[in-house]
Participant: 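I have a structure I would like to understand better, so I am pasting it below and will then ask my questions one at a time.
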Amino acid sequence: MIKKFLFSTLIVLCSFSAVFAQNKTKETNKLEDPDNLASQYFSQVMGVAVDATSNLKLYKFIYEWIGTPYRFGGNTKKGIDCSAFAKTIYEKVFNTTILRSSRDIFSMVDPLSKDELKEGDLVFFKIKSRSISHVGVYLGDNRFAHSSSGGVKISNLNEPYYSRYFYKGGRILDDAKKDFVEE
């Protein structure tokens, strides 16, 4: 009887250690995966949850532009405005051409509320204006990348300033992608 008990206890312990070893291997592989490491890095630097960082190309692109000064009408690393920044992200990351001004870009989207936003969607603001005057690219966790008076940065939609002026989110319509030809 004691032999049976010891044998069954040994079997249970071996089973647990095998399961533990498999989980440990999965965790090690996850940590050694370069995309996962980069995702965790950008997540920490940009303040976005790891599980929200599914588009590594988007985060790398934004990281390279962080701190670029704001310049009205600018579209280079010497200075860029909000709509040129959004346009550049869409061209380089999503391989999609969008219009140049925030108001024109809004005409290309399916409007969304804050709770419908997904990574890569656009966020629009009416800042001290009756019409759309600012645009950014949504990253997840209420964070968005944009170019403003402080340069290219990541902000939170829940900050009082942005919460006050937030108008709508938007996802580029498939028809707009097909029909748009830049002049």
Participant: So which pairs with a foot in residues 120-140 pass salt bridge (charged side-chain N to carboxylate O under 4.0 Å, His left out), sequence neighbours left out?
Facilitator: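 Sorted result for residues 120-140: Asp121-Arg171.
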
Participant: How would you list, by chain and number, every residue that makes a side chain to side chain contact (heavy atoms under 4.5 Å, CB included) with Ser113, sequence neighbours excluded?
Facilitator: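 If we apply the side chain to side chain contact (heavy atoms under 4.5 Å, CB included) test to Ser113, skipping adjacent residues, the hits are Asp115, Glu116.
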
Participant: Counting only heavy atoms not in Lys77 (residues, nucleotides, ligands), do more than 12 fall under 6.0 Å from its NZ?
Facilitator: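 More than 12 heavy atoms, drawn from other residues, nucleotides or ligands, come within 6.0 Å of this atom.
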
Participant: Indicate yes or no: at least one non-hydrogen side-chain atom of Phe85 is less than 4.5 angstrom from one of Thr68.
Facilitator: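 No - every pair of side-chain heavy atoms lies 4.5 Å or more apart.
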
Participant: Nearest 0.5 angstrom please: Leu117 CG to Asp141 CG, how far?
Facilitator: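 Here the rounded value is 12.0 Å.
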
Participant: Check whether Ile172 and Val123 end up in the same hydrophobic cluster, where Ile, Leu, Val, Met, Phe, Trp and Tyr are linked by side-chain heavy atoms less than 4.5 Å apart.
Facilitator: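 No, Ile172 does not connect to Val123 through the hydrophobic network.
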
Participant: Verify side chain to side chain contact (heavy atoms under 4.5 Å, CB included) between Val137 and Val93, making sure each step is shown before the conclusion.
Facilitator: CA-CA 12 Å; Val137 177; Val93 175; over 6 Å; no

Participant: Check side chain to side chain contact (heavy atoms under 4.5 Å, CB included) between Ser149 and all other residues, then give those that pass, not counting sequence neighbours.
Facilitator: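 Side chain to side chain contact (heavy atoms under 4.5 Å, CB included) list for Ser149, sorted by chain: empty.
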
Participant: If Ile, Leu, Val, Met, Phe, Trp and Tyr residues are connected whenever their side-chain heavy atoms lie under 4.5 Å apart, and connections chain through other members, are Ile98 and Ile132 in the same group?
Facilitator: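 In one cluster: yes.
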
Participant: Is the number of heavy atoms from other residues, nucleotides or ligands within 6.0 Å of NZ (Lys114) greater than 12?
Facilitator: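 Counting neighbours around NZ of Lys114, more than 12 heavy atoms of other residues, nucleotides or ligands fall under 6.0 Å, so yes.
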
Participant: Check whether Tyr138 and Ile127 end up in the same hydrophobic cluster, where Ile, Leu, Val, Met, Phe, Trp and Tyr are linked by side-chain heavy atoms less than 4.5 Å apart.
Facilitator: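 Hydrophobic grouping puts Tyr138 with Ile127.
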
Participant: Applying side-chain hydrogen bond (donor to acceptor under 3.5 Å, both in side chains), can you list everything that pairs with Asp104, at least two apart in sequence or on another chain?
Facilitator: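 Once residues adjacent in sequence are excluded, the partners of Asp104 under the side-chain hydrogen bond (donor to acceptor under 3.5 Å, both in side chains) criterion are Ser101.
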
Participant: Can you measure from OG (Ser83) to CG (Leu122) and round to the nearest 0.5 angstrom?
Facilitator: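 So the gap between those two atoms works out to 11.0 Å.
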
Participant: Could you tell me if the side chain of Met108 sits less than 4.5 Å from the side chain of Leu173, heavy atoms only?
Facilitator: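 No, side chains not in contact.
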
Participant: Under the side-chain hydrogen bond (donor to acceptor under 3.5 Å, both in side chains) test, which residues partner Ser155, sequence neighbours left out?
Facilitator: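 For Ser155 the side-chain hydrogen bond (donor to acceptor under 3.5 Å, both in side chains) partners, ignoring immediate neighbours, are His146.
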
Participant: Could you check Ile105 against Tyr90 for side chain to side chain contact (heavy atoms under 4.5 Å, CB included), going step by step and ending with a plain yes or no?
Facilitator: CA-CA 11 Å; Ile105 294 169; Tyr90 265 76; over 6 Å; no

Participant: If every non-hydrogen atom of Ser107 is compared with every non-hydrogen atom of Leu99, which pair is closest and at what distance?
Facilitator: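 For Ser107 versus Leu99, the nearest heavy atoms are OG-CD1, 4.0 Å.
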
Participant: Report whether Phe61 and Ile154 are members of the same hydrophobic cluster (ILVMFWY, side-chain heavy atoms less than 4.5 Å apart, transitive linking).
Facilitator: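 Yes, Phe61 and Ile154 fall within the same hydrophobic cluster.
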
Participant: If we only count heavy atoms from C-beta on, is the Tyr59 to Leu139 side-chain gap below 4.5 Å?
Facilitator: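 Yes; the side chains approach each other to less than 4.5 Å.
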
Participant: Partners of Asn156 by side chain to side chain contact (heavy atoms under 4.5 Å, CB included), sequence neighbours excluded?
Facilitator: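 Expected list: Asn142, Arg143, Asn158, Glu159.
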
Participant: Quick one: are Ser102 and His134 in side-chain contact, heavy atoms under 4.5 Å?
Facilitator: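 Sidechains of His134 and Ser102: no contact.
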
Participant: I'd like to know if Asp81 and Lys87 make a salt bridge, using a cut-off of under 4.0 Å between side-chain N and carboxylate O.
Facilitator: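 Salt bridge absent between Asp81 and Lys87.
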
Participant: Who pairs with Ser147 by side-chain hydrogen bond (donor to acceptor under 3.5 Å, both in side chains), at least two apart in sequence or on another chain?
Facilitator: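 Scan of Ser147 (side-chain hydrogen bond (donor to acceptor under 3.5 Å, both in side chains), adjacent residues dropped) gives none.
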
Participant: Which heavy atom of Ala84 sits nearest a heavy atom of Gly74, and at what distance?
Facilitator: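 Here Ala84 and Gly74 meet closest at CB-O, 3.3 Å.
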
Participant: Please examine the side chains of Ile89 and Phe94, heavy atoms only from C-beta on, and report whether any two atoms are closer than 4.5 Å.
Facilitator: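 Of all side-chain heavy-atom pairs linking Ile89 with Phe94, at least one is under 4.5 Å.
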
Participant: Which pairs count as side-chain hydrogen bond (donor to acceptor under 3.5 Å, both in side chains) when at least one residue sits in residues 161-170, sequence neighbours excluded?
Facilitator: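 Applying side-chain hydrogen bond (donor to acceptor under 3.5 Å, both in side chains) to every pair that reaches into residues 161-170, excluding sequence neighbours, yields nothing.
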
Participant: For Ser148 versus Lys153, what's the shortest heavy-atom pair and its separation?
Facilitator: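 Nearest heavy atoms, Ser148 then Lys153: OG-CE, 3.1 Å.
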
Participant: Would you please indicate if the ring centroids of Phe125 and Phe144 are separated by under 6.0 Å?
Facilitator: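 Distance test on ring centres: under 6.0 Å, yes.
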
